[in-house]
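Report on the structure given below.
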Amino acid sequence: MWMCVTLRYLGEEEDGSVSKETLSKALLAKLQKKAKEKQKRHSAKQREPLHEHPAEQVDAQKKRKADVDGGLEPQQHKKRHSETVASCSVEPVEQTNIQHQEEIQSGGSFNYQCSHVIWSVCLHLNVWVADISPESTTDTLPGFTLVGGFESKPVPKVDRVLPQWLAEPHVIHTDIKNNLISISDVPGLCAQLLKNLHSNGIQHFFPVQAEVIPAILESAQQGLLIGRGGYKPRDICVSAPTGSGKTLSFVIPIIQVLMDRVVCEVRALAVLPTKELAQQVHRVFASYAEGTTLKVVMLAGQKSFAAEQASLWNMRRSLADIVVATPGRLIDHMTKNSGLCLEHLRFLVIDEADRMIDSMHQSWLSQVMGAVYRSRAEPGSVFRRTEAACITSASLSPPQTPLQKLLFSATLTQNPEKLQQLGLHQPRLFSSTYGHADSAAASPTHGHDRFNFPQGLTEYYVPCTMSSKPLLLLHFILRMKLHPVLCFTNSRETAHRLHLLLQLFGGVQAAEFSSQLSPGDRKKTLKEFEQGKIQLLISTDAVARGIDISGVKCVVNYDAPQYIRTYIHRVGRTARAGRTGLAFTFLLRVQEKNFLQMVVKAGSPGIQKQVVKPENLRSMEGQYEKALQKLADVIKVLPQPIC
Ligand SMILES: Nc1ncnc2c1ncn2[C@@H]1O[C@H](COP(=O)(O)OP(=O)(O)OP(=O)(O)O)[C@@H](O)[C@H]1O
């Protein structure tokens, strides 16, 4: 049944033969005629004498039926009840019609008025809009189109087609051990850098470094002021597994390119999502900049704002060549005008790029871009730069320092719409995911991202119940001697309770790590864990991304992660730099199906089931019960299973 009619005004030009007024008059006349007919029928019905005998009633009904069959529209059978009610409101309808007619004649908003008139009349008459059948409306009222047919039509499926740069990347090997390249085989590195690499124990480059370092060096072959052939260099995106050495693949070429600068200006900016990551990358930059005149400064809130400001700027001179920052602190320095000048910026590194895209609502990137192109230099000066728009011979003729974006992530999105927010310039993608026959075919069409997992990683899931989780963890550490273990929970509360419980149980050197700890405590805890003083580090996702802790043998997902990206980053804290590692995920029965599907879809080489028999846990149960009782006293709540 038709529930609604939308009349579309087709515009002046389609109105050649029939004027607006004629149309509206015709429409009104039709509706008025209908109203009168209904009124007539109704009063005739009321005039009919009441039949006393049932037989007479039947005859009368038959007569009415014959009348109806003879002349009335079939729909009116169904509307008898409505018509009875409508009889009370015929007069106001006519008034309304007259009023609307006047409005129409006065040349008001035509389309609104027409549809309004119809609706008002229909409402007053209690006439179903369906009575104005599509045929009659379109036939009698040219210029109006009925929309809203309700037949369900199959919608053709649209295949995802990736832009060429995403669909055909430069492929990076995932097998690190069998694809090492001697550092002396990569051209363009100066003696000082080779020396620094040697003193950091690096003789060979990993595959991602062997591909990306030459690409960045090549884009800066013409020096700092212009790109190859005078064009702006292409932006570079790198998607490679966790622990594959992405940090050095931007640190080494940036230091190499900036090494020959004369005046100190901020020419490289690396933005990272967390303080810990910023510290880690700052450390790497600082260690490879040794023996050069380059200055590396960190803006991540480790020091006071004034101290950071002092490290940036002194006596109107920049004191920093390379700045490593978190987005929040970076914006602070830009808005408070602390002396951070980005007008000479040559490299913008966005590490953990997919996470940084998610934080794009903070608009840090647009503020950085604004600062980069806010040039105070004279027109025609080589230091003047204009934001890339349409490339014309005029826009390319003045030479200018090009800005090049370098993106890195283990889980770089393959969604062009998301990447588009970064405003990339003719990007080149280096990826270990897309080159595979199966994944390349699958990712563009199936609509879900696929990633590469470190080669040395072995994944397990452990079926469990809520109450058996702490015992399973103890089993891995005390019986199977799997430590150091990095254990992830989904909340700070769970991490805190689990830590308390294990302390009460005894026998395990455990520590807790979350954003609630002071920066000093966080640093100390990570150091002790790295030194082997802590066997088990229980953490929220605060250390799930990017943090490089050497020697982590095993990762335990005490709580199953909700998102595949979280899983990949968590398990990627082990099996780094070509080493081996184990990852266990505790799964409740209800979680198993969805979790396993998610992991397989993402391209996991295979996750195996690891069953721990109840009898293996039995010997610890007594001690565990006592610890639970004590925990109840400590946290002043009823004992309940840790979740
Ligand atoms: N060429 C190399 N030779 C030996 N070790 C290396 C080399 N390159 C990097 N490493 C080491 O590998 C580890 C992982 O490197 P890095 O942190 O850069 O990985 P990543 O790809 O950035 O990982 P994530 O995605 O988790 O951030 C580090 O400890 C680093 O020192």
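Note that ligands are numbered from 1 as they come in the structure, with each ligand's atoms numbered from 1 the same way. Because only heavy atoms are used, hydrogens play no part in the values below, and waters and symmetry mates are left out as well, while side chains stay in. Throughout, residue positions are numbered sequentially from 1 according to the sequence presented.
Considering backbone and side-chain N/O of Gln209, one or more are found under 3.5 Å from N/O of ligand 1. Residue-to-ligand polar distances keep Thr242 apart from ligand 1: every N/O pair is separated by 3.5 Å or more. Residue-to-ligand polar distances place Gly245 within reach of ligand 1: an N/O pair is separated by less than 3.5 Å. In terms of N/O distances under 3.5 Å, ligand 1 is approached by Gly243.
Side-chain N/O atoms of Asp354 and Thr411 include a donor and acceptor closer than 3.5 Å. Side chains of His344 and Arg267: a donor-acceptor N/O pair is absent below 3.5 angstrom, by distance only.
Among protein heavy atoms, the minimum distance from atom 17 (O) of ligand 1 is reached at Arg576 NH2, 3.1 Å. Distance from atom 27 (O) of ligand 1 to its nearest protein heavy atom, with residue and atom name: Gly546 CA, 3.3 Å. Given atom 5 (N) of ligand 1, the protein heavy atom at minimum distance is Phe206 CZ, 3.5 Å.
Every atom of ligand 1 is numbered from 1 in the order shown, and the set under 4.0 Å from a heavy atom of Ala577 is 12 (O), 13 (C). Counting atoms of ligand 1 from 1 in the listed order, those under 4.0 Å from a heavy atom of Pro241 are 21 (O). Listed by number with element, the atoms of ligand 1 under 4.0 Å from a non-hydrogen atom of Arg573 are 26 (O). Set against the non-hydrogen atoms of Glu352, the atoms of ligand 1 under 4.0 Å away are 27 (O). Contact atoms of ligand 1 toward Thr247: 16 (P), 17 (O), 18 (O), 22 (O) (distance under 4.0 Å to a heavy atom of the residue).
Rounded to the nearest 0.5 Å, atoms CD1 (Ile568) and CZ (Arg565) are 8.0 Å apart. Atom CZ of Phe488 sits about 5.5 Å away from atom OG of Ser539, to the nearest 0.5 Å. Atoms CG and CG, from Asn196 and Leu189 in turn, are 11.0 Å apart once rounded to the nearest 0.5 Å.
Proximity annotation for atom 20 (P) of ligand 1: of Gln203, Gln280, Lys246, Lys246 comes nearest, heavy atoms only. Closest to atom 31 (O) of ligand 1 by heavy atom, among Leu180, Asp548, Ile547, is Asp548.
A perpendicular orientation is assigned to the rings of Tyr567 and Phe595, their planes being inclined by more than 60° (bins at 30° and 60°).
Around the CD atom of Gln164, the shell of radius 6.0 Å holds no more than 12 heavy atoms that belong to other residues, nucleotides or ligands.
Val599 is listed as a side-chain neighbour of Glu459, based on a closest heavy-atom distance under 4.5 Å.
Ring centroid separation for the pair Phe408 and Phe250 comes in under the 6.0 Å cut-off.
Ligand 1 lies within reach of Ser244, whose nearest heavy atom is under 4.0 Å from it.
Only the backbone of His204 comes within 4.0 Å of ligand 1, counting heavy atoms alone; no side-chain atom from C-beta on gets that close.
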For this session: Quick one: do His333 and Gln309 satisfy side-chain hydrogen bond (donor to acceptor under 3.5 Å, both in side chains)? Show the steps, please.
Result: CA-CA 8 Å; His333 280 275; Gln309 189 172 16; over 6 Å; no

